[in-house]
Q: 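Below you'll find the structure I mean.
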Amino acid sequence: MAKEYNFKAVEKKWQDYWYNEKVFEKYDYSKPKFYGLIEFPYPSGAGLHVGHIRAFSSMEVIARKKRLEGYNVLFPIGYDAFGLPTENYAMQTKQHPRLVTDKNIVKFEEQLKKIGYSFCWDRTIDTTQPDYYKWTQWVFLQMFKKGLAYKSTTQVNFCPVCKVVLANEESQGGICDRCGAEVVQKEKDVWFLRIRKYADRLLSGLEGLQFPERIKIEQQNWIGKSTGADVTFEVKVGDGKYPLVVYTTRPDTIYGATFLVVSPEHPLLKEHFDVVENKEEVTAYQEQAKLKKEFDRVQMNKDKTGIKIEGMVAINPITGAEIPLFTADYVMMNYGTGAIMAVPAHDKRDWDFAKKFNLPIVEVIKSDVDVQVEPYCAKEGAGIMVNSPLVNGLTVKPAIKKMIEEMEKLGVGHAKTDYKMKDWAFNRQRYWGEPIPIINCPHCGQVPMKEEDLPLVLPDLEDFSPTDDASSPLSKCTEWVNTTCPICGAPATRETDTMPQWAGSSWYFLRYMSPNDNEHIVTPEAYKYWGQVDWYNGGMEHVTRHLIYSRFWNQFLKDIGAITHDEPYLRRSTQGLILGSDGEKMSKSKGNVVNPDDVVNAYGADVLRLFILFIGDYEKPAPWSSDGIKGSARFMNRFWNLQDMLVDECDTSDLNLDALIKKVNDDYEACKFNTAIAFVMTALNTIYARGKVSKKELNTICLLLNPVVPHMTSEMYEIVNDGAKINEQKFPVYDPAKLIADVVEIPVQIMGKVRGRVTVPAGSQEDAVMEKVKELGLLDGKQIIKVIYVKDKIINIVAK
RNA sequence: GCCGAAGUGGUGGAAUGGCAGACGCGGCGGACUCAAAAUCCGCUGUUGGCAACAACGUGCGGGUUCAAGUCCCGCCUUCGGCACCA
């Protein structure tokens, strides 16, 4: 009988070996490389979550497998540690965020090691360390020098509770991402990064990447490229004229433009307010629009509101017709030009507005729909142009082309591309972030710090609580704020905003290649070897933020010659959420949170790892199940007890080892861990039924399972093979010639229903199979009309 | 509203157009045990039948095919993402 398995002792033994002997920190640069990356965790006080286990375990399996296959593997770990939760927690508990961060990182590392992860521990990074954020600041400086970082006054989303300006993506639905409070609009001078300049490259770069299609689509939608035209309408303002530029994707419909709408914030209303006849009404509407939270303004299907601007009238540049001008909050200042030509016949919003204000609706695309009753919204636009002398009879595409040509001839319009993606609001008015390395000089303006002066270290503040006036806590630290201008030497002040959460994670994949280099963002030789991330696993929630931001930074770094690849990640996979056993998202308030430590203590790390990978389709959400954990523990036990059935050799014709190797290998590579494990379970069932296992089978299964359950397989391999180390072996390889059995059982269908089965040698021809089928007697008295035979698979007979 | 993913037993979930329900959980039965737990073995979609077997079965309605969970057309529902984007 095999010795009883003491998971606590065995897991400790192997973890000590791996980590003390630095098994995963030995690099051999003569081997081919594999760079596997997981999204580094935010070291929160709550510690490791079972969601982390799922996210990390997939790449863990791949990394261990690649090592066994002879690759030089980079599988690093680090901590994305700047951010609000730590700062808020620090304030609550009256500790310094530095202290909180350090404590949390120690705890995370301890937990990760108890799971047995094979990370390259010698390369651990922490984005809050000055030697790391020196380079985050360095990238910002380069962007500033290239004109990609700029300050601009805009309406920003301000959370009155967190007292912080939020990026658009952090205040979706008008709700603060962090605290759930309602966001208000506030005017502020803030830093932006010109990510829009990279929009086209971020789109085209997707083509060659091995990303799941839905991720590509989500990024494409986020970037939101649209092609159309800027068209200039002349607006009569008193005796003068104001060229009002509108953006439209359908310049061909200009004959149907019966009115214009500008956003309440549009400069036209400021610059020529004197000619507005209904000043009070317009001002009241503007005030009201400002007060409205973004959320209300964005609600679709709500009643259209707006005000006619008396005293101004616009001229349609194609028809010469005079059309009225409105201001309405359904037109946004931050998209297009903040002004539109309304074509009510063919746009739902314009139609709603026209109905409410009794404006004419002119059909310009032929359809079965009566546009007076409902709009014919042809987004991509099927239909023939009518009532449009210049383009009558044309279909949409040629009509747009023709119309733009005409507009260019007349000098009233030109083709234009626009994007939904906004420039990246790159600032935070909080303490726990990277300081922005810019100095404001009364004589020289915004001056970048000298590179040799980096890092600009975050001062050690005692009071880092946010200020109510939306400025950063750093502004309170005058000795830090006051400095001298690097150019003229005059007294000057530092920027006091810090960088947003996403800054440090935008380039961390490069730091892992040379984590201690103080001269380069990445050591050229290291970059030359490791290059791009071969496989990056992470969550769907980062697809439109982190994953785009880091692609942007990578492309920028290539442009300035710091690196050579356009794209950072070659392949991306995503894990589904682990839900509570009630099928709901895990949360403290629901009391359905599973702590991985508890599972490790009760069942061991191997059982947790096995279960989390077996739980279901890797990409889909899956509910936790404590019964399922027991099943995994049972399987581990069955696996351990294989030792009792061990013989040097036995009849193994009932188990096709090559097919097993192929299945497990292919499924690992495709992130189908659940079916790989299921197949091994089936093999174990076969062996149990037989009662004997050959040494070759046992060793093969040990190696196949080693990436998933490294502790037990290491132990068992050592016992069975006189002290040999499994991590020094080769991952099994199958022989393609042996994948198919000698004889195959073929189901026999009559009229598509299985009526029997025959056993024939593999590769048999139809005649030979039919011979056997006839012996079954299923066809007696029937007339065969047609036979469909798929070799080694199935035979179907159509008969009367 | 738009984009995406999905809907299969009591349950988590498997199925390059080729035997639907692999594998796991749960349940039932048996072996071992004084007994229980653990372990091992068997059964487990529904209906009818003692049984062999038959009919029906992958959200709903049509279709293509020798053959459809899978492909096509039209719906319903759920979950994600985007959202007055001109």
Side-chain angles (χ1 to χ4, degrees), chain A residues 169 172-173 212-218 220-222 224-226 228-229 246-250 253 257 261 263 297-302 304-305 328-332 334-343 346-350 352-353 377 379 418-422 540-541 543-544 576-577 581 583 610-611 614-617 619-632 634-635 637-638 641 672 674-685 688-689 691 745-757 785-790 792-799:
Chain A
E169 54 268 35
Q172 286 167 17
E213 205 53 35
R214 66 200 163 108
I215 290 182
K216 291 189 181 182
I217 291 168
E218 215 172 283
Q220 283 161 3
N221 290 344
W222 181 262
K225 182 173 182 168
S226 82
V246 304
Y247 176 71
T248 176
T249 55
R250 294 296 300 271
T253 61
V261 187
S263 152
R297 198 165 153 176
V298 148
Q299 278 303 296
M300 192 118 155
N301 297 330
K302 75 172 171 84
K304 293 283 178 290
T305 60
D329 63 7
Y330 81 91
V331 175
M332 305 287 139
N334 59 12
Y335 184 76
T337 60
I340 61 153
M341 63 176 213
V343 184
H346 306 295
D347 183 285
K348 175 87 166 68
R349 295 154 301 169
D350 297 345
D352 289 344
F353 196 83
C377 302
K379 273 238 148 156
D418 208 349
Y419 304 92
K420 286 187 200 174
M421 183 172 67
K422 317 254 184 340
M540 276 311 280
E541 70 274 20
V543 164
T544 52
L577 230 50
S581 42
L610 179 80
F611 176 63
F614 182 63
I615 197 165
D617 186 329
E619 296 200 334
K620 291 191 195 127
W624 184 263
S625 156
S626 41
D627 281 331
I629 269 283
K630 281 186 215 154
S632 293
R634 200 174 293 160
F635 170 75
N637 192 30
R638 268 165 90 78
N641 290 333
K672 292 164 83 174
N674 55 336
T675 49
I677 293 164
F679 216 71
V680 176
M681 286 174 171
T682 310
L684 247 67
N685 291 343
Y688 264 75
E745 196 185 54
I746 293 180
V748 180
Q749 292 186 334
I750 311 291
M751 304 294 291
K753 286 192 191 291
V754 180
R755 296 298 180 195
R757 42 193 78 235
I785 297 166
K786 194 175 174 186
V787 176
I788 299 100
Y789 172 60
V790 182
D792 297 338
K793 277 269 183 189
I794 200 162
I795 186 161
N796 189 12
I797 295 149
V798 185

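Just so we're on the same page: letters track the sequence lines, and every chain starts at 1.
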Q: Which of these nucleotides, B:C19, B:G18, B:C84, is closest to any side-chain atom of A:Lys793?
A: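 Of all the options, the side chain of A:Lys793 is nearest to B:G18.
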Q: Measure from CE on A:Met751 to P on B:A68 and round the result to the nearest Å.
A: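 Distance, rounded to whole Å: 11 Å.
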Q: Under 4.0 angstrom, heavy atoms only, what part of the nucleic acid is A:Tyr688 near: base, sugar-phosphate, or nothing?
A: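 Contact class for A:Tyr688: sugar-phosphate only.
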Q: Any chance you could measure A:Lys225, atom NZ, to A:Met421, atom CE, to the nearest 0.5 Å?
A: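 The CE atom of A:Met421 is 11.0 Å from NZ of A:Lys225, to the nearest 0.5 Å.
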Q: Starting from P on B:A37, measure out to CZ on A:Arg634 and report it in whole angstrom.
A: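 Going from CZ in A:Arg634 over to P in B:A37 covers 13 Å.
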Q: Please determine, for the side chain of A:Asp627, which listed nucleotide (B:A14, B:C85, B:C25) has the closest atom?
A: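 For the A:Asp627 side chain, the nearest candidate turns out to be B:C25.
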Q: What's the CG-P distance between A:Asp352 and B:A86, to the nearest Å?
A: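 Those two atoms, CG and P, are 16 Å apart.
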Q: Would you measure the distance from the C1' atom in B:U8 across to the matching atom in B:G69 and give it in whole Å?
A: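 Taking atom C1' in both B:U8 and B:G69, they lie 7 Å apart.
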Q: Taking the C1' atom in each of B:C25 and B:U44, what is the distance between them to the nearest angstrom?
A: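 To the nearest whole Å, 13 Å.
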Q: Would you say the side chain of A:Lys304 and the base of B:C84 hold a donor-acceptor pair, judged only by whether the two atoms sit under 3.5 Å apart?
A: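 A donor-acceptor contact between them is present.
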Q: Touch check for A:Lys672, heavy atoms < 4.0 angstrom, all strands: base, sugar-phosphate only, or nothing?
A: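 The residue A:Lys672 makes sugar-phosphate contact but no base contact.
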Q: Any base atoms under 4.0 Å from A:Gly631, or only sugar-phosphate, or nothing? Heavy atoms, all strands.
A: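 A:Gly631: backbone/sugar contact only, no base atoms under 4.0 Å.
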Q: With the side chain of A:Thr249 defined as its heavy atoms from C-beta on, choose the nearest nucleotide among B:G13, B:G18, B:A86.
A: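 Minimum distance to the A:Thr249 side chain belongs to B:A86.
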Q: Would you mind classifying the nucleic acid contact of A:Thr248 as base, sugar-phosphate or nothing, using non-hydrogen atoms under 4.0 angstrom?
A: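 Sugar-phosphate contact only - A:Thr248 comes under 4.0 Å of backbone atoms but never of a base.
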Q: Write down the distance separating the P atoms in B:C60 and B:A68, rounded off to the nearest Å.
A: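 These two P atoms come out 16 Å apart once rounded.
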Q: Side chain of A:Asp617 only, please: which of B:G4, B:G13, B:A86 is the nearest?
A: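 Looking only at heavy atoms from C-beta outward on A:Asp617, the closest nucleotide is B:G13.
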Q: With a 4.0 Å limit, can you tell me whether A:Asn685 has a side-chain N or O closer than that to the phosphate oxygens OP1/OP2 of B:G24?
A: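 For B:G24, OP1 or OP2 has a side-chain N or O of A:Asn685 closer than 4.0 Å.
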Q: Could you tell me how far apart A:Tyr789 (OH) and B:C19 (C1') are, to the nearest whole angstrom?
A: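 One finds 15 Å between C1' of B:C19 and OH of A:Tyr789, rounded.
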Q: Here's one to test your reading of the geometry: is the NZ or CZ of A:Lys304 within 45 degrees of the ring axis of A:Phe353 and under 6.0 Å from its centre?
A: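 Not satisfied by the 6.0 Å and 45° rule.
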Q: Just checking A:Ile217: base, sugar-phosphate only, or nothing, at a heavy-atom cut-off of under 4.0 Å?
A: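 Sugar-phosphate, no base atom in range.
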Q: Checking all strands, does A:Asn221 fall into the base, sugar-phosphate, or nothing category for heavy-atom contacts under 4.0 angstrom?
A: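 Sugar-phosphate contact only.
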Q: Using a 4.0 Å heavy-atom cut-off, does A:Glu619 contact any base of the nucleic acid, only the sugar-phosphate backbone, or nothing at all?
A: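 Counting heavy atoms under 4.0 Å across all strands, no contact is made by A:Glu619.
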Q: Taking side-chain hydrogen bond (donor to acceptor under 3.5 Å, both in side chains) as the test, write out the residues that go with A:Tyr789, two or more places apart.
A: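 A:Tyr789 satisfies side-chain hydrogen bond (donor to acceptor under 3.5 Å, both in side chains) with no other residue.
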Q: Check the distance between B:C85's C1' and A:Met332's CE and give it to me in whole angstrom.
A: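 Atom CE in A:Met332 sits about 9 Å away from atom C1' in B:C85.
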Q: Between B:C66 atom P and A:Lys753 atom NZ, what is the distance in whole Å?
A: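 Between P of B:C66 and NZ of A:Lys753: 16 Å.
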Q: Need the pair for B:A36. Rule: Watson-Crick or G-U wobble, both distances under 3.5 Å, any strand; none if unpaired.
A: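 Per the H-bond distance test, none.
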Q: Are A:Asp352 and A:Arg349 close enough, and set up right, to give a salt bridge (charged side-chain N to carboxylate O under 4.0 Å, His left out), and what steps lead you there?
A: CA-CA 5 Å; A:Asp352 289 344; A:Arg349 295 154 301 169; over 6 Å; no
Q: Reckon A:Val790 touches a base, only the sugar-phosphate, or nothing at all at heavy-atom distances under 4.0 Å?
A: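 Base, at least one base atom sits under 4.0 Å.
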Q: Whole angstroms only, please: what is the CG-P distance between A:Asn674 and B:A14?
A: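 It is 5 Å, rounded to the nearest whole Å.
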Q: Looking at the side chain of A:Met681, which of B:C85, B:A86, B:G24 is the nearest nucleotide?
A: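 So the side chain of A:Met681 is nearest to B:G24.
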Q: If you check the A:Thr675 side chain, which of B:C84, B:G81, B:A14 turns out closest?
A: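 Of the options given, the side chain of A:Thr675 lies nearest B:A14.
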Q: Using the glycosidic torsion, which applies to B:G7: syn (within 90° of 0) or anti (everything else)?
A: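 This nucleotide is in anti.
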Q: Give me the distance, rounded to whole Å, that separates B:G57 from B:A5 when you measure between the P atoms they each carry.
A: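 Straight-line distance between the two P atoms is 28 Å.
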Q: Does A:Asp418 reach the main-chain N or O of A:Ser226 with its side chain, forming a donor-acceptor pair under 3.5 Å?
A: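 Absent.
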Q: With rounding to the closest Å, how many angstrom separate the C1' atoms on B:A14 and B:G9?
A: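 Each nucleotide's C1' atom is 13 Å from the other's.
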Q: Under 4.0 Å: is that the gap between some side-chain N or O of A:Arg214 and OP1 or OP2 of B:G80?
A: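 False: A:Arg214 side-chain N/O out of range (4.0 Å or more) of B:G80 OP1/OP2.
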Q: Roughly, in whole Å, what's the span from CZ in A:Arg250 to C1' in B:C85?
A: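 Distance check: A:Arg250 CZ to B:C85 C1' gives 16 Å.
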Q: What integer number of Å spans the C1' atoms of B:U33 and B:A37?
A: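 The same atom, C1', in both gives a distance of 10 Å.
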Q: Hey, does A:Asp350 reach any base, or is it just sugar-phosphate, or nothing, if we go heavy atoms under 4.0 Å?
A: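 Since no nucleic acid heavy atom lies under 4.0 Å of A:Asp350, the category is nothing.
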Q: Check whether any side-chain nitrogen or oxygen of A:Arg638 sits under 4.0 Å from OP1 or OP2 of B:C41, and answer yes or no.
A: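 Indeed, a polar side-chain atom of A:Arg638 lies that close.
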Q: Which listed nucleotide (B:C84, B:G13, B:C66) is nearest to the side chain of A:Tyr330?
A: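 Output: B:C84.
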Q: Could you report the tightest heavy-atom contact between A:Asp350 and A:Asp347, atom names first, then the distance?
A: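 Where A:Asp350 meets A:Asp347 most closely, the heavy atoms are N-OD1, 3.1 Å.
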Q: Report which part of the nucleic acid A:Ile615 touches: base, sugar-phosphate, or nothing (heavy-atom distance under 4.0 Å, all strands).
A: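 Counting heavy atoms under 4.0 Å across all strands, the contact made by A:Ile615 is with sugar-phosphate only.
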Q: Which nucleotide in the set B:C84, B:A5, B:A86 lies at the smallest distance from any side-chain heavy atom of A:Tyr247?
A: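 The listed nucleotide nearest to A:Tyr247's side chain is B:A86.
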Q: Which nucleotide, B:A54, B:A86, B:G12, lies nearest any side-chain atom of A:Arg755?
A: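 The answer is B:A54, which lies nearest to the side chain.
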Q: Starting the side chain at C-beta, find the nucleotide from B:A5, B:C19, B:G81 nearest to A:Pro747.
A: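 For A:Pro747, the side-chain atoms sit closest to B:C19.
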